[in-house]
Colleague: 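First the structure, then my questions, so here it is.
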There are 2 protein chains.
Amino acid sequence: MPVYLHDIPLEVAQQRFTEALQEVGLWGILGSEEIPLDENAVGRVLFAPVWAKISSPHYHASAMDGFAVRAEATAGAQPGHPVILAAVDGEDPGFAYVDTGDPLPEWADAVIPIENVEPLDQLGQPGPDPRRPAVIRIRAAVTPWSHVRPIGEDIVATQLVLPSGHVLRPVDLGAVAACGHAVLRVARRPRVAILPTGTELVPIGQPVSPGDIIEYNSLVMAAQVGQWGGQAVRYPIIPDQFDQIRQRVLEAAQTADLVLLNAGSSAGSEDYSANIVEMSGRLLVHGVAVRPGHPVILGMIATQVKVPEPGSSPGEMPRWTPIIGVPGYPVSAALTAEIFIEPLLAKWLGRKPNQPEEVRAVMARKVVSPAGDDDFMRVAVGKVGQQLVAAPLSRGSGVI
Amino acid sequence: MPVYLHDIPLEVAQQRFTEALQEVGLWGILGSEEIPLDENAVGRVLFAPVWAKISSPHYHASAMDGFAVRAEATAGAQPGHPVILAAVDGEDPGFAYVDTGDPLPEWADAVIPIENVEPLDQLGQPGPDPRRPAVIRIRAAVTPWSHVRPIGEDIVATQLVLPSGHVLRPVDLGAVAACGHAVLRVARRPRVAILPTGTELVPIGQPVSPGDIIEYNSLVMAAQVGQWGGQAVRYPIIPDQFDQIRQRVLEAAQTADLVLLNAGSSAGSEDYSANIVEMSGRLLVHGVAVRPGHPVILGMIATQVKVPEPGSSPGEMPRWTPIIGVPGYPVSAALTAEIFIEPLLAKWLGRKPNQPEEVRAVMARKVVSPAGDDDFMRVAVGKVGQQLVAAPLSRGSGVI
């Protein structure tokens, strides 16, 4: 005998779902994979912290075009009393021209920018190649490490570059590359199966007759799932036939991490969903006190997975797959996705859930909500003087 | 003799670039293409407005599970004086059970929710099938269009659904599907060629020696271009050799809509870029007064395109391709992309350029900028009491 749990508060529903996921070890990151460090890494979530393998810079680098010198050799140089350094053959030539980014020679500890040096030939005249002078004249002393970017100025090897759970942005890819990584370990993308049901549904692009409803909830939810870091698989429309729906649910539950069962709008369709979940696993929640969207169903589907047992015949163990029965009305469906699916995907990816930007505003008109329900309302927000005012939009749950 | 245009103000640089693009007809949407209405449409920019082909709902639909009736037949019904309607054979049966979403029968003009109706059998008792009663007893009159969603309640055919230039979000796909579209005409994605140059560069994932610089600017810029709606092609690293660089630039300019030439950090590399642009087309700007990033180069590359001339041999006409010489330092490169590339891609896609969120804050310490430069600074913003305070981050342009 089915026990229906009608319109329980949102928090209770979320808690019941979370606990059921915890019991079967599905309240955490689902897994990880290694991906190459390329543009497709944007939006992926780091599974492990990224530590610097090499420093950046990974050598003492000249920060300017100029001459590498030993700072002590310039001691005492003043505008009226220049110091003159002459090139010496051997390992320590005394000075050497360097471009920005060039490594500092071993014997040097500072760089003098080229505009502060007079490069001269043997006769004390500007020579033909200012980068290979015989002597250089310096009119100001420099301190050690002047115009040098020392090893690890930006990042020191072993330092934390990015924490786990970080969602990669374009500039992050540069930081990861700079510290010596060519691959990344990221959370694997949760697989979400989306099953639209309803005899009245017709696919996008087909002619419609009165009573036909164009099926686009699966498209909107697939796009949402993609934006939230999941991988959606859209199933073809299933007519309102109990056995067909149940068969598809069990099929989807075997490969997906999450099954979304989008109920038809006809009477009984929602009960089908609840019954299927009850027959095939555990019905946790049937109806949540949120508007729009209260006919949400939360549950777990059990399928059998064959496991080889060492030294004996293969056994079977249940595989639990969460299922969300999503209401058929478009606005309810999109809101259900935001309330239940986005936070679950965030948990499975190890990232923070999206926080919608919050503003406080005064309602433009009085709105009555059913007692005990969390009423989500789409509003247009505008500024009147210093005051933010929110004007409720039409409540029809068919309007997106 | 090259004319170098050093460090002109940002606005002047942008204007000069815009005018040059206007002259050759490249300051507008580059083109459009038709794409199927699926999840991959998210983020694409509408080339033309979307008008509703069909209304939503596209028929008078029941808004409740209940009985369709003619409202006038319920006139006078009161709790103590119910009206009883008996089923009649024929085209106008007097009442008919409807599910939510079902089309309203032609003869009906209102729906009474099932909970407000007593469906009875011939003997005046609740019958075996409450959806097919012999009579219904009604204890409250209804007005025409009660619990009916009339044709076009959400969207009326021919109505504007989304304007051109709109960037598609998941819910938009639903709205477009609901009003009868299966394909979308969107702006085509601009092709951006990214050419890293520099003998000191090594690809990501290779061992590095002192002086080697890991090439990741092309990766960061490719990811940025992707996020802004363009299609990036990363070229292999080109050593600092004038002819090789020039050849690759001309090659890239023949197929790309925009060429990004990322200068090496070695002396002369930037002059190579300027000379190549000058030799191969028009050098518009060499140096912009923004920090970090001032060695930006803006120009146009001319390549020859063969065009068949009617009735004669094929002629040639120049194809102009804008080129941006991007500084080698990572922070400069990323900033240059934001200042010059993002707005250009926005123009080519027909969407609004990104507006970074603006806040006003007090600087945590005094900062000195060179006079006449627009100084972009990365800061950490925090709240101290009621006051937003911005603390400047390290200025090294190597840190991302």
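All chains are named by letter (A, B, ...) in the order of the sequence lines, taking the proteins before the strands, and each is independently numbered beginning at 1. Remember, predicted model here, so these are calculated numbers, not experimental data.
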Colleague: Given that the side chain runs from C-beta out, which part of A:H60 has a heavy atom under 4.5 Å from chain B: side chain, backbone, both or neither?
Modeller: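 A:H60 has no heavy atom closer than 4.5 Å to chain B.
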Colleague: With only heavy atoms counted, which part of A:V208 is less than 4.5 Å from chain B, the side chain, the backbone, both or neither?
Modeller: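 The answer is both parts of A:V208.
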Colleague: For A:A61, is it the side chain, the backbone, both, or neither that has a heavy atom closer than 4.5 Å to a heavy atom of chain B?
Modeller: neither
Colleague: Sub-4.5 Å heavy-atom contacts with chain B: which residues of residues 224-233 of chain A show up?
Modeller: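 When heavy atoms of chain B are the reference, residues 224-233 of chain A contributes A:Q224, A:Q227 within the under-4.5 Å range.
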Colleague: Side chain, backbone, both or neither: which part of A:R169 has a heavy atom under 4.5 Å from chain B?
Modeller: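 Interface part for A:R169: neither.
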Colleague: With sequence neighbours excluded, what pairs up with B:H58 under the ring-ring contact (aromatic ring centres under 6.0 Å, His included) test?
Modeller: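 Counting only residues at least two positions away or on another chain, B:H58 forms no ring-ring contact (aromatic ring centres under 6.0 Å, His included).
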Colleague: Does any non-hydrogen side-chain atom of A:V331 lie less than 4.5 Å from one of B:V171?
Modeller: no
Colleague: In the structure I gave you, are the side-chain heavy atoms of A:I214 and B:I54 within less than 4.5 Å of one another anywhere?
Modeller: yes
Colleague: Who are the ring-ring contact (aromatic ring centres under 6.0 Å, His included) partners of B:W107, not counting sequence neighbours?
Modeller: none
Colleague: Heavy atoms only, distances under 4.5 angstrom: which of A:G180, A:A41, A:P210, A:P203 has the most pairs with chain B? Name it, please.
Modeller: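 Heavy-atom pair counts peak at A:P210.
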Colleague: If you count heavy-atom pairs under 4.5 Å with chain B, which of A:P207, A:G205, A:A177 comes out on top?
Modeller: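 Among A:P207, A:G205, A:A177, the one with the most close pairs to chain B is A:A177.
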Colleague: Could you tell me if the side chain of B:Y329 sits less than 4.5 Å from the side chain of A:T100, heavy atoms only?
Modeller: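 Heavy-atom side-chain distance check passes, below 4.5 Å.
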Colleague: How many angstroms lie between CG in A:L173 and CG in B:N217, if you round to the nearest 0.5 Å?
Modeller: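 With rounding to 0.5 Å, CG (A:L173) is 12.0 Å from CG (B:N217).
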Colleague: At a heavy-atom distance under 4.5 Å, which candidate from B:V42, B:I114, B:L219 has the highest pair count against chain A?
Modeller: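 Counting heavy-atom pairs under 4.5 Å, the top option is B:L219.
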Colleague: Please classify the contact between A:L104 and chain B as side chain, backbone, both or neither, with a heavy-atom cut-off of under 4.5 Å.
Modeller: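 A:L104 has no heavy atom closer than 4.5 Å to chain B.
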Colleague: Any chance you could measure B:Y216, atom OH, to A:S56, atom OG, to the nearest 0.5 Å?
Modeller: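 Between atom OH of B:Y216 and atom OG of A:S56 there are 5.5 Å.
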Colleague: Is the number of heavy atoms from other residues, nucleotides or ligands within 6.0 Å of CD (B:E106) greater than 12?
Modeller: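 Incorrect, the count does not exceed 12.
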Colleague: List the residues meeting salt bridge (charged side-chain N to carboxylate O under 4.0 Å, His left out) with B:R185, not counting sequence neighbours, and say none if there are none.
Modeller: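 Applying salt bridge (charged side-chain N to carboxylate O under 4.0 Å, His left out) to B:R185 gives none.
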Colleague: Picking from A:A63, A:A223, A:G211, which has the most non-hydrogen pairs under 4.5 angstrom with chain B?
Modeller: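 Option with the top pair count is A:G211.
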Colleague: To check you understand the geometry: which heavy-atom pair defines the closest contact between B:Y59 and A:I213, and what is its length?
Modeller: OH-CG1, 3.7 Å
Colleague: Can you tell me how far apart CD (A:E200) and CG (B:D102) are? Round to the nearest 0.5 Å.
Modeller: 8.0 Å
Colleague: Among B:A178, B:A222, B:S209, who wins on heavy-atom pairs under 4.5 Å with chain A?
Modeller: B:A178
